[in-house]
Amino acid sequence: MPDQVVETPYPLIDSDPHAGRVVRYFRPSDYAAWAAGTAAFPGAFYALEVADRTRAPLRVPLRICTALGFVGGFLFAYQRSSLRFWGWTENKREYDRDLAELTQRAREGKPLYGESNDPAFVQAAAHRNSLFSQIKFGTIPWFNLSNHPYHGTDSAKYGVKSTPSSSEQ
């Protein structure tokens with residue numbers, strides 16, 4: 001796949017981060033946003049019920065609203081974390097953590113983004129399907145659950161030496 005240069009206001013960490021990394025890099029403010037989303041949905045439902053009473057029991061509807069708020073809050077927190085990976089919002093903490101984590105993996109001789117048993121064409125398809133999918137959470141929640149080498153960054157910054165291509169050998 002051809003490399004594309006992406007201009008962002010902050011450094012690009014990963015254009016297609018694995019779901020596990022996105023959640024591991026949650027900040028306390030992401031957890032607060034998740035909690036706010038979880039509380040806001042049933043809170044708004046209850047406020048509307050108080051404003052215009054239906055006289056129906058609220059136990060089950062409030063539980064459903066809490067579950068939907070939990071899922072919506074998680075998607076919002078996940079999207080906030082992804083925006084930092086893409087360099088669209090301030091990401092100094094994540095950048096430093098990523099640099100330390102992947103530099104250590106490079107020193108240990110491990111693949112930077114994990115190992116995959118999938119063939120190259122499956123990894124490429126997984127990348128194409130999940131790239132910037134966090135923007136489309138309103139349509140369908142889609143996460144990158146595949147390890148692949150397509151992340152939009154130069155691996156040399158982690159100390160990985162590029163392998164010579166067949167034309168150079």
Is [Y] reachable from [X] through a run of I, L, V, M, F, W or Y residues, each pair having side-chain heavy atoms under 4.5 Å apart?
| X | Y | answer |
| --- | --- | --- |
| Phe74 | Val71 | yes |
| Leu145 | Val22 | yes |
| Tyr78 | Leu68 | no |
| Trp88 | Leu131 | yes |

When you look at Asn129 and Trp142, which way does the side chain to side chain contact (heavy atoms under 4.5 Å, CB included) test go after all the steps? CA-CA 8 Å; Asn129 289 334; Trp142 194 280; 3.9 Å; yes
For Phe143 and Phe137, take the angle between the two ring planes, folded into 0 to 90°, and tell me which bin it lands in: parallel under 30, tilted 30 to 60, perpendicular over 60. tilted
Plane angle bin for Phe26 and Tyr31 - parallel if under 30°, tilted between 30 and 60°, otherwise perpendicular: perpendicular
May I ask you to decide whether Asp30 forms a salt bridge with Arg84, counting only side-chain N to carboxylate O separations under 4.0 Å? yes
I'd like to know whether Asp98 forms a side chain to side chain contact (heavy atoms under 4.5 Å, CB included) with Arg21, so could you lay out the CA-CA distance, the side-chain angles of the two residues, the decisive distance to 0.1 Å, and finally the verdict. CA-CA 9 Å; Asp98 171 74; Arg21 285 186 76 205; 2.3 Å; yes
Would you call [X] and [Y] a side-chain contact if the rule is heavy atoms closer than 4.5 Å?
| X | Y | value |
| --- | --- | --- |
| Pro17 | Asn144 | no |
| Phe85 | Tyr95 | no |
| Ile13 | Asn91 | yes |

Atom pairs and distances, donor-acceptor, side-chain atoms in residues 38-48, under 3.5 Å, two or more places apart:
residue, atom, partner, partner atom, Å
Thr38, OG1, Trp34, O, 2.9

May I ask you to check whether Arg80 and Thr89 show a side-chain donor-acceptor distance below 3.5 Å? no
Is it the case that the side chains of Ser146 and Gln123 hold a donor-acceptor pair, with the cut-off being a distance below 3.5 Å and no angle test?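 Result is no, nothing qualifies.
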Carefully, step by step, assess Glu49 and Arg55 under the rule salt bridge (charged side-chain N to carboxylate O under 4.0 Å, His left out). CA-CA 9 Å; Glu49 177 62 27; Arg55 309 273 186 235; over 6 Å; no
I need the [X] [atom1] to [Y] [atom2] distance, nearest 0.5 Å.
| X | Y | atom1 | atom2 | answer |
| --- | --- | --- | --- | --- |
| Asp16 | Ser133 | CG | OG | 7.0 Å |
| Glu94 | Lys92 | CD | NZ | 11.0 Å |
| His127 | Ser15 | NE2 | OG | 5.5 Å |

Closest approach of Pro9 and Gly87, non-hydrogen atoms and distance? CD-O, 3.4 Å
Do Arg97's NZ or CZ and the ring of Tyr25 fall within the cation-pi criteria of under 6.0 Å and 45°?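 Here Arg97 passes the 6.0 Å and 45° test against Tyr25.
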Residues forming a side chain to side chain contact (heavy atoms under 4.5 Å, CB included) with Asn147, sequence neighbours excluded: His18, Ser116
Step through it carefully: locate the ring centre of Trp86, locate the ring centre of Phe132, and say whether they are under 6.0 Å apart. yes
Full working for side chain to side chain contact (heavy atoms under 4.5 Å, CB included) between Val23 and Ser81: CA-CA 8 Å; Val23 173; Ser81 183; over 6 Å; no
